[in-house]
Amino acid sequence: MAIISSQIKISCASLAGFPSMLRSPGHAPQPIVSRHVAVIGAGAAGLVTARELRREGHSVVVFERGDQVGGTWAYTQNVESDPIGVEPTRTRVHSSLYDSLRTNIPREAMGFRDYPFVPKDDPDRDPRRFPGHREVLMYLQDFTREFRIDELVRFETEVVRVRLAEEEEKWKIKSKQRSMGLELDEIFDAVVVCNGHFTQPRVAYIPGINDWPGKQMHSHNYRDPKPFRDQVVVLIGNSVSAFDISWELAGVAKEVHIAARTVIDETFRKQPAYDNMWLHPMIKDVCEDGSVNFLDGSIVIANIILHCTGYEYHFPFLETNGIVTVDDNRVGPLYNHIFPPALAPRLSFVGLLWKAIPFPMFELQSKWIGGVLSNRFTLPSQEEMMEDVEAFYSSLETFGTPKRYTHCLGDNLVEYNNWLASQCGCPAFEDWRMQMFLVTIKSKLAHLESYRDEWEAQHLVLQAYEDFIKHTSEQVS
Ligand code: FAD
């Protein structure tokens with residue numbers, strides 16, 4: 001397993017090994033081909049995938065059910081009809097962003113390698129190192145314009161079914177165009193799934209919840225703190241979003257109680273600098289009288305439980321005859337989190353990994369997919385890929401890593417990205433990018449509320465900009 005060149009460990013259950021990343025066994029070279037490829041989703045993953053596939057010579061159709069690019073970053077005030085997000089017939093909203101959200105990765109590290117996320121000389125733009133969500137959307141819009149990706153996108157067109165076609169090794173896609181009410185069946189050579197995985201709420205099981213009289217909400221439907229004024233809120237979770245939201249709530253709510261799995265000491269801890277925020281271990285159960293009982297024996301009478309408990313992978317359109325399944329948030333079997341061995345290379349997934357630096361990783365994953373589809377890069381045999389996946393799963397088991405952590409990249413971030421880069425013949429993952437990411441994690445732990453405005457590692461920024469300038473001049477020359 002790779003050791004990341006830093007003292008800081010990215011905390012994640014990925015203490016187990018990672019896929020062995022087999023080298024291609026030297027199959028006879030195949031002729032280079034162009035394929036007709038469907039990309040599902042025009043978020044950051046779908047946009048860069050479209051660009052890389054077209055660069056590789058494939059013909060590309062991007063299906064996007066929304067009316068704009070950006071996916072998660074297309075913030076909306078709208079929320080779903082079921083605030084906790086479990087009712088199957090609820091009205092759906094894609095984005096999970098809240099109004100005050102700023103990035104949790106410095107912009108220089110966050111952007112695509114081939115299209116740096118640098119501040120624009122424009123008063124309408126947000127030049128901060130950790131900009132607000134609107135700036136990220138504008139960056140993705142710039143990317144779309146720059147590489148004319150919008151000409152490949154069919155907006156307001158939802159993919160409702162993807163299944164193997166009668167024709168050998170082809171896919172049949174059924175899509176629905178909203179405004180014209182059109183339904184279309186089409187045949188594609190390959191499908192790349194880029195539908196995002198922060199939309200389908202994952203909810204904590206709480207004994208007694210059916211009789212508890214308060215309200216429940218998932219952070220997917222949290223936009224701003226106004227509805228929480230003077231309320232007693234119990235927030236479950238300990239992700240970056242959970243902490244961002246808890247501080248915001250503390251400004252308006254009567255009390256905020258955070259229940260987190262990571263709290264192991266048996267205390268009812270008041271948070272420094274707040275007179276209305278406490279940290280608890282997990283909830284034991286809840287009762288009809290409105291009480292919320294925590295594992296340490298403390299009790300709170302609360303009005304609202306806010307689940308900041310993450311999301312589930314969800315592919316309601318995908319029919320693979322059971323070849324690809326989702327089991328406790330493990331999408332599999334997938335070779336290197338991208339290709340299901342039995343359907344490779346004609347089905348692939350971009351962006352399943354978390355605890356990652358998403359945009360540049362999407363870029364490398366899609367470059368690799370593009371090259372594999374054109375036969376420029378060769379995959380190992382189906383059996384070898386399957387053996388690799390099985391070895392990976394058994395290493396997770398050996399280390400006691402739950403299935404739901406299968407796609408947690410964490411400590412393997414550099415190793416994984418460098419492997420992809422080597423497969424694609426690209427330069428390795430930049431050291432400054434990784435260091436910026438690690439510095440951010442360290443400073444987040446030390447100053448959870450202010451780390452975004454206290455950047456000190458100026459030398460890393462300089463290295464980043466030297467790289468950007470070098471890259472741009474290489475492109476010009
Ligand atoms: P999405 O952005 O979710 O895009 C998926 C697209 O697919 C959507 O446009 C959707 O409409 C479309 N779609 C879905 N199903 C269908 C269908 N059946 N037919 C047609 N279209 C479909 N990342 C960072 O790098 N930095 C951050 O600071 C950061 N902060 C985050 C904060 C929050 C609260 C969340 C939820 C995520 C954050 N992320 C952050 C991660 C972020 O999700 C990724 O950076 C990235 O935007 C994911 O892109 P994507 O294309 O995979 O998915």
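Order of listing sets the numbers, starting from 1, for every ligand and every atom in it. All of these numbers come straight from a predicted model, not from anything done at the bench.
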Measure the distances from the heavy atoms of [X] to every atom of ligand 1 and state whether one is below 4.0 angstrom.
X    : value
G196 : yes
T157 : yes
Y311 : no

Are any of the N/O atoms on [X], whether in the backbone or the side chain, positioned under 3.5 angstrom from an N/O atom of ligand 1?
X    : answer
L97  : no
R102 : no
F362 : no
R65  : yes

What atoms of ligand 1 come within less than 4.0 Å of a heavy atom belonging to [X]?
X    : answer
M110 : 24 (C), 25 (O), 26 (N)
F63  : 20 (C), 21 (N)
G41  : 6 (C), 7 (O), 12 (C)
F317 : 18 (N)
E158 : 18 (N), 19 (N), 20 (C)

query: If you count the non-hydrogen atoms of other residues, nucleotides and ligands that lie under 6.0 Å from NZ in K215, is the total more than 12?
result: no

query: More than 12 foreign heavy atoms under 6.0 Å from CG of D328: is that the case here?
result: yes

Smallest separation among heavy atoms of M277 and A250, with atom names: SD-CB, 4.3 Å

- request: Nearest 0.5 Å please: distance from the CG atom of D126 over to the CE atom of M138.
  value: 10.0 Å

query: Where the closest heavy atom to atom 4 (O) of ligand 1 is concerned, which of G310, G351, G43 has it?
result: G43

If we set the cut-off at 4.0 Å for heavy atoms, which region of [X] has an atom near ligand 1: side chain, backbone, both, or neither?
X    : value
H94  : side chain
S241 : side chain
C194 : backbone

If we ignore hydrogens and angles and just use 3.5 Å, is the side chain of [X] paired with the main-chain N or O of [Y] as donor and acceptor?
X    : Y    : result
Y313 : L352 : yes
D82  : V86  : yes
T440 : I105 : no

Centroid-centroid under 6.0 Å between W354 and F198 rings: no

Aromatic ring proximity F143/Y139, centre distance under 6.0 Å: no

task: Let me see the working for M436 and I357 under side chain to side chain contact (heavy atoms under 4.5 Å, CB included), right down to the final yes or no.
output: CA-CA 11 Å; M436 278 184 119; I357 309 182; over 6 Å; no

For [atom], what's the nearest protein heavy-atom neighbour? Residue, atom name and distance, please.
atom                    : answer
atom 25 (O) of ligand 1 : P358 CD, 3.3 Å
atom 34 (C) of ligand 1 : L101 CD1, 3.6 Å
atom 43 (O) of ligand 1 : F198 CD1, 3.3 Å
atom 52 (O) of ligand 1 : A45 CB, 3.5 Å
atom 27 (C) of ligand 1 : N104 OD1, 3.4 Å
atom 19 (N) of ligand 1 : V159 N, 2.9 Å
atom 39 (N) of ligand 1 : W73 CZ2, 4.0 Å
atom 9 (O) of ligand 1  : E64 OE1, 2.6 Å

Is the [X] ring parallel, tilted or perpendicular to the [Y] ring (thresholds 30°, 60°)?
X    : Y    : answer
W73  : F359 : perpendicular
H218 : H307 : parallel
F188 : H36  : parallel
H257 : W278 : parallel

